[in-house]
Protein chains: 2
Amino acid sequence: MGRIKTENNSTRKDVIIKKAAELFKEKGFKAASMRELAEVVGVEAASLYNHIRSKSELLHLICFNVANRYNLMMDEVEAEKTTSLQKIEKIVRFLIGGMVHNFEEVYVSDREWKYLSEPYLSNFQAQRRAYRKRFAAIVEDGIKKKEIKKIDSTTAVLIMLHAISGIESWHRSKQKINGKELEENMITILVGGLKK
Amino acid sequence: MGRIKTENNSTRKDVIIKKAAELFKEKGFKAASMRELAEVVGVEAASLYNHIRSKSELLHLICFNVANRYNLMMDEVEAEKTTSLQKIEKIVRFLIGGMVHNFEEVYVSDREWKYLSEPYLSNFQAQRRAYRKRFAAIVEDGIKKKEIKKIDSTTAVLIMLHAISGIESWHRSKQKINGKELEENMITILVGGLKK
DNA sequence: AATTTACGCTAACAAATGTTAGTACAAAAG
DNA sequence: CTTTTGTACTAACATTTGTTAGCGTAAATT
């Protein structure tokens, strides 16, 4: 077989990571084998190791790529001088966008992170906790300012994050409404459910 | 080692299924091995096969147990003569209760069903689809009767189901509010987000 | 053109997996 | 007490797994 085909200025490693995200999404990290990944990439299994260190490296590259993007977004939102509800809406829209346009990667980061190996596992979990805390703080702030119903902020965050990760079902579904429409519907229900 | 200890009038098979649900929840179906399960049960791996046919039998027993309960609940709700919003509230409360009190089993059925083998996989998916359709029909009905905001019913169902399955995080969380409080908060946000 | 690097291949490995065969013995049934 | 059944054990199996070693050649660099 020939070489791994790259396009634009992505490396061969990038190609492998992309295909890995698709495979891990479809089969789950544990069930996906390196031989399957190799076949999708168009190469023998052993050849993958010219580009990557291990299977678990693939997982942590995927997970931390997503986590970093989320953290950056959160920095941006916190810096804004807008109402809490507007901040929440921005976060939710960002997350929905991620689920719609970077589906595989986000999905894997969401569902397969528990197979990360140490020290990445602990690091990832810490980042996740911190991120949720920041999100909850915004909700809390909105409650104090009476923009938002008096509810448990942790539960509100939990609902939003998981509702969004459910976009997975939307991807699978046959008769799907378009992405923009999905986003507006989700905002209506989620943000609408918070508003006082 | 001695025999598998049963209590009340549960069979040894029941004990294995229960432990399997816990293990599958913790490690994931693929990552959980029969040798690990055996250790938890207090027996050698080969001994499990005196009670069960295969690893995958365990998974489908767990999944269909949950699916059957859900279908029965749905029959009951549909038969009621109440408003759509009341029906939805009842469904949501039932689902939350399941996540709180039968956590392992429900979690496994929710996240690991894709590892079912045929023909169980197709059967399960069909039941899942049907169940969601029934749920969406109730939402649809509420929209027609102007009890509920004009939204895409499929999206509404997706949000509710996934928000509820996110109770997983609540289980993991250290400083958790109690189950009843969680339920009321979820109802406020979810049902509140639908109400016109 | 000559040399070095990148990258593909085949072959093989040790470990882990689900599962079966065959055996021994305790509990239940007669 | 005797027989039968249920259930646990050890040993072994064929596969599948991630990964490494060693080799050859095409591409890149000089």
Side-chain angles (χ1 to χ4, degrees), chain A residues 1-21 23-24 26-63 108 112 114-118 120-121, chain B residues 1-21 23-24 26-63 108 112 114-118 120-121:
Chain A
M1 303 204 189
R3 308 197 138 192
I4 297 173
K5 285 165 205 146
T6 65
E7 42 190 37
N8 303 323
N9 42 6
S10 70
T11 65
R12 282 171 235 280
K13 185 167 183 174
D14 292 333
V15 174
I16 294 173
I17 296 168
K18 185 85 206 318
K19 293 288 186 188
L23 191 68
F24 294 171
E26 202 172 296
K27 300 247 179 179
F29 177 73
K30 274 285 173 185
S33 79
M34 295 304 276
R35 284 170 178 81
E36 281 177 293
L37 176 57
E39 192 178 333
V40 175
V41 172
V43 94
E44 287 301 316
S47 307
L48 295 172
Y49 290 84
N50 285 319
H51 305 279
I52 60 162
R53 243 181 294 280
S54 65
K55 185 185 183 186
S56 74
E57 187 198 7
L58 286 170
L59 184 62
H60 83 244
L61 286 172
I62 293 167
C63 290
V108 169
E112 307 290 323
K114 67 171 152 187
Y115 301 111
L116 284 167
S117 49
E118 293 292 356
Y120 300 102
L121 178 59
Chain B
M1 304 203 189
R3 309 198 140 193
I4 297 173
K5 284 164 205 145
T6 64
E7 40 191 36
N8 303 325
N9 42 5
S10 69
T11 65
R12 283 171 235 280
K13 184 165 183 174
D14 291 334
V15 174
I16 294 173
I17 296 168
K18 186 86 204 319
K19 293 287 187 189
L23 191 68
F24 293 170
E26 203 171 297
K27 300 248 179 178
F29 177 73
K30 274 285 173 183
S33 80
M34 295 304 277
R35 284 169 178 81
E36 282 177 293
L37 176 58
E39 193 177 333
V40 176
V41 171
V43 94
E44 288 298 319
S47 308
L48 296 172
Y49 290 83
N50 285 320
H51 305 279
I52 60 161
R53 241 180 295 279
S54 65
K55 186 186 183 187
S56 74
E57 186 198 8
L58 286 170
L59 183 62
H60 83 244
L61 286 171
I62 293 166
C63 290
V108 170
E112 307 290 323
K114 67 172 151 185
Y115 301 110
L116 285 167
S117 50
E118 294 291 357
Y120 300 102
L121 178 59

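No hydrogens, no waters, no symmetry mates; every other heavy atom, side chains included, goes into these values. Each chain gets a letter, A, B and so on, in the order its sequence line appears, and its residues count up from 1.
Lys13(B) has its NZ atom 12 Å from the P atom of dT7(D), to the nearest Å. Separating the CZ atom of Arg3(B) from the P atom of dA24(C) is a distance of 18 Å, rounded to the nearest angstrom. Between the C1' atom of dG18(C) and the NZ atom of Lys30(B) lies a distance of 10 Å, rounded to the nearest Å. One interatomic measurement links the two molecules: CD1 of Ile52(B) to P of dT19(C), which rounds to 7 Å at whole-angstrom precision. Here the P atom of nucleotide dC13(D) and the OH atom of Tyr49(B) are 18 Å apart, to the nearest Å. Whole-Å rounding puts the Lys27(B) NZ to dG18(C) P distance at 12 Å. Atom pair Leu23(A):CG and dG18(D):P shows a separation of 10 Å (rounding to whole Å applied). Counting to the nearest Å, the C1' atom of dT20(C) and the CE atom of Met34(B) are 13 Å from each other.
Distance from the side chain of Ala46(A) is smallest to dT20(D) among dC7(C), dT19(D), dT20(D). Comparing dA6(C), dC9(D), dT20(C) against the side chain of Ser47(B) picks out dC9(D) as the nearest. The nucleotide whose nearest atom lies closest to any side-chain atom of Arg35(B) is, among dT17(C), dG18(D), dG8(C), dT17(C). Relative to the side chain of Glu44(B), the nucleotides dT17(D), dA8(D), dT10(D) differ in distance, and dT10(D) lies closest. Closest to the His51(B) side chain, of the nucleotides dA8(D), dC9(C), dC7(C), is dA8(D). Taking the side chain of Lys55(B) as heavy atoms from C-beta on, and the options dG18(C), dA8(D), dG18(D), the nearest nucleotide is dG18(C).
Contact between Ile4(A) and Arg12(A) at its shortest, heavy atoms only, is O-NH1, 2.8 Å.
There is no side-chain donor-acceptor pair under 3.5 Å between Asn50(B) and Ser47(B).
The aromatic rings of Phe29(A) and Phe24(A) sit perpendicular, their planes meeting at an angle over 60°, well past the 30° parallel limit.
The side-chain heavy atoms of Met34(A) and Ile52(A), taken from C-beta on, include a pair separated by under 4.5 Å.
Looking at Asn50(A), its side chain comes within 3.5 Å of the base of dG8(C) through a donor and an acceptor atom. Between the side chain of Arg12(B) and the base of dG6(D) there is no donor-acceptor pair of N/O atoms closer than 3.5 Å.
Taking 4.0 Å as the cut-off between side-chain N and carboxylate O, Glu112(A) and Lys27(A) do not count as a salt-bridged pair.
Across all strands, Ala32(A) comes closer than 4.0 Å only to sugar-phosphate atoms, never to a base (heavy-atom distances).
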